[in-house]
There are 2 protein chains.
Amino acid sequence: MSTAPPSLRERVAAAILEAAADALATHGEQASIADVAAAAGVARATVYRYFPNRQALLDALAGLAVRDAEARLREARLDDVAAPEALERAVRALVGVGNHLVVLERERVRPDAGQFDAAVAQPLRRLFERGQTDGDIRTDMSPVSLTESLVGLVMGILRSTPTLGVEGTTAVVTSLFLDGARTRGAAAHPG
Amino acid sequence: MSTAPPSLRERVAAAILEAAADALATHGEQASIADVAAAAGVARATVYRYFPNRQALLDALAGLAVRDAEARLREARLDDVAAPEALERAVRALVGVGNHLVVLERERVRPDAGQFDAAVAQPLRRLFERGQTDGDIRTDMSPVSLTESLVGLVMGILRSTPTLGVEGTTAVVTSLFLDGARTRGAAAHPG
DNA sequence: TATTCTCAAGACAGTTATGTCTCATTTTCT
DNA sequence: AGAAAATGAGACATAACTGTCTTGAGAATA
């Protein structure tokens, strides 16, 4: 691995990207460069020294999120285990990407679409397809719908309940998505 | 009922709000007044004749969405039926609000928060609480988490798959949320 | 200590969206 | 048809953000 010394420039660039992810995930698209700079604790001009313009920063952020998501999903080895276990790993990977994923998903309408699809949606669709052929996943819903549902679920929880931590969020999302909210087996109310 | 003649002003105001809902749901917060005006087929100045400033338009839109959601949830009579049936009705109500709900949910971080909570989240939480005491809904997840999950699910499907229609979307969301994506009962893959 | 690099702070111009206003034209209502 | 109201088009000033630049200060390196 390239665990080279984290040079100053790299550290500042990372801080700016992190602050941008937070600001964009919280305040949405209309977060200004001044907001990002303030959140990162640097001057506005410094941001422009690292990223020539706003779009470049957004692109860098999207690229980072894509690479992070790809790496986590690759390490998850979704193809090595059955669909339910793979799903839990996938959710853990997505939750681990955190705010970067929220930003990436928010910008997936923009011109640079496809990135989100290739890095996140496609592996999920493949996972659901395999789960369906193996009999682990219900077949009355398309892999596309299942993927969108899972993404919506993750995003909703990720944006509204950031206090659960990675494992807590993963457990909630996985359990709910796989088994649903209905009580299983037990008798309903004695009507 | 006050089914008065739909005066001209009311019709234009409704058209502007509808266009604003579409534009804001599609292009997010950075949709300009010019975008809204173009989408509504009116001049930019006309928008300002109906809403003194951008914030007033956003407030009107949020108020409309809140009233719409409240009315639909009230008509759904969630308290009159068991939790699973009530959940389906609630989902149908939320889906029926459509893009207005997406906009309202996106702005729930803003100063005028609470509106979304009072109109949408609170009824859902009450529904889940009742479902848990009746034994219809699993109790290892809080009503708050269940509510956030359901909202995330609805929003995700609503924004990414607008072609299913109200009934299709309702069926998908309800079934998935109640019973999950896992195959029920059938044997897993023959390993 | 001297040199070099980087940063913070702020001034500056260019661009874009906002909000106001006017005026000729069109639409609505009587 | 005629009066009243509303609209479209566009000019206009204002505000906010963007992107560039300069200056003085601070930290790293030799």
Side-chain angles (χ1 to χ4, degrees), chain A residues 3-64 103 106-107 109-112, chain B residues 2-64 99 103 106-107 109-112:
Chain A
T3 315
S7 86
L8 178 71
R9 274 196 83 82
E10 288 172 333
R11 289 171 53 90
V12 176
I16 292 175
L17 285 172
E18 200 63 36
D22 287 350
L24 290 174
T26 306
H27 301 87
E29 198 74 20
Q30 85 282 18
S32 70
I33 299 291
D35 294 333
V36 174
V42 301
R44 196 170 63 92
T46 302
V47 176
Y48 283 102
R49 285 197 194 90
Y50 283 82
F51 306 96
N53 52 44
R54 181 192 179 83
Q55 191 58 45
L57 189 148
L58 264 52
D59 291 348
L61 196 54
L64 192 75
V103 175
R106 271 205 191 172
E107 296 178 15
V109 187
R110 300 184 71 102
D112 43 274
Chain B
S2 63
T3 316
S7 88
L8 176 71
R9 273 197 84 82
E10 288 173 330
R11 288 173 54 88
V12 176
I16 291 175
L17 284 172
E18 200 62 36
D22 287 351
L24 289 175
T26 307
H27 300 87
E29 200 77 17
Q30 86 283 17
S32 69
I33 299 292
D35 295 333
V36 173
V42 302
R44 195 170 64 92
T46 301
V47 176
Y48 283 102
R49 289 194 187 96
Y50 283 81
F51 305 97
N53 52 43
R54 179 191 179 87
Q55 191 58 43
L57 189 149
L58 264 52
D59 290 348
L61 196 54
L64 192 75
N99 277 342
V103 175
R106 272 206 189 169
E107 294 178 19
V109 188
R110 301 184 71 102
D112 44 274

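Computed from a predicted model, the values in this text were never measured in an experiment. By convention in this document, chain letters (A, B, ...) are assigned in the order of the sequence lines, proteins followed by strands, and residues within each chain are numbered from 1.
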Minimal heavy-atom distance between L57(B) and I16(B), with the atoms involved, is CD1-CG2, 4.1 Å

Throw together a table of side-chain donor-acceptor distances under 3.5 angstrom for residues 37-44 of chain A, partners on residues two or more places apart or in other chains.
none

Does the dG19(D) base have a donor-acceptor partner in the side chain of R49(A) within less than 3.5 Å?
no

Between E29(A) and L58(A), what is the shortest heavy-atom contact and its length?
OE2-CD2, 3.8 Å

How many whole angstroms separate atom CD of Q55(B) from atom P of dA15(D)?
18 Å

With each end axis built from five pairs of C1' atoms, what bend angle do you get for the helix from dT1(C)-dA30(D) to dT30(C)-dA1(D)? Round to 10°.
40°

So how far is it from N99(B) CG to L24(B) CG, rounded to the nearest 0.5 Å?
9.5 Å

Using the side-chain heavy atoms of Y50(B), tell me which of these nucleotides is nearest: dA6(D), dC7(C), dG10(D).
dA6(D)

List the atom of F51(A), the atom of A13(A), and the distance in Å for their closest heavy-atom pair.
CZ-O, 4.5 Å

Below 4.0 angstrom, which residues in residues 31-41 of chain B have at least one non-hydrogen atom near DNA chain C?
S32(B), I33(B)

What nucleotide among dA11(C), dT7(D), dC12(D) has an atom nearest to a side-chain atom of R44(A)?
dA11(C)

For S32(B), does its backbone N or O pair with a side-chain atom of D35(B) as donor and acceptor, under 3.5 Å?
yes

From CD of Q30(B) over to P of dT18(D), roughly how many Å is that when rounded to an integer?
13 Å

Tell me whether the OP1 or OP2 atom of dT7(D) has a side-chain N or O from T46(B) closer than 4.0 Å.
no

Residue set satisfying side-chain contact (heavy atoms from CB on, under 4.5 Å) with L64(B), at least two apart, ordered chain then number -> L17(B), R67(B), H100(B)

Report the nucleotide, chosen from dG10(C), dT22(C), dG19(D), that has the shortest atom-to-atom distance to any side-chain atom of R54(A).
dG19(D)

Specify the separation, in whole Å, of atom CZ of F51(B) and atom P of dT18(C).
15 Å

Between dT22(C), dA11(C), dA8(C), spot the one nearest the side chain of A43(A), thanks.
dA8(C)

Rounded to the Å, how far apart are E29(B) CD and dT16(C) P?
21 Å

Rounded off to whole Å, could you give me the CD1-to-P distance for the I16(A) and dT6(C) pair?
13 Å

Spacing of L57(A) atom CG relative to dG19(D) atom P, expressed in whole Å:
10 Å

In whole Å, what is the span from the OH atom of Y48(A) to the P atom of dC21(D)?
13 Å

Heavy-atom side-chain proximity of V36(A) to R54(A) below 4.5 angstrom:
no

For Y48(A) and N53(A) the tightest heavy-atom approach is CE2-CA, 4.3 Å

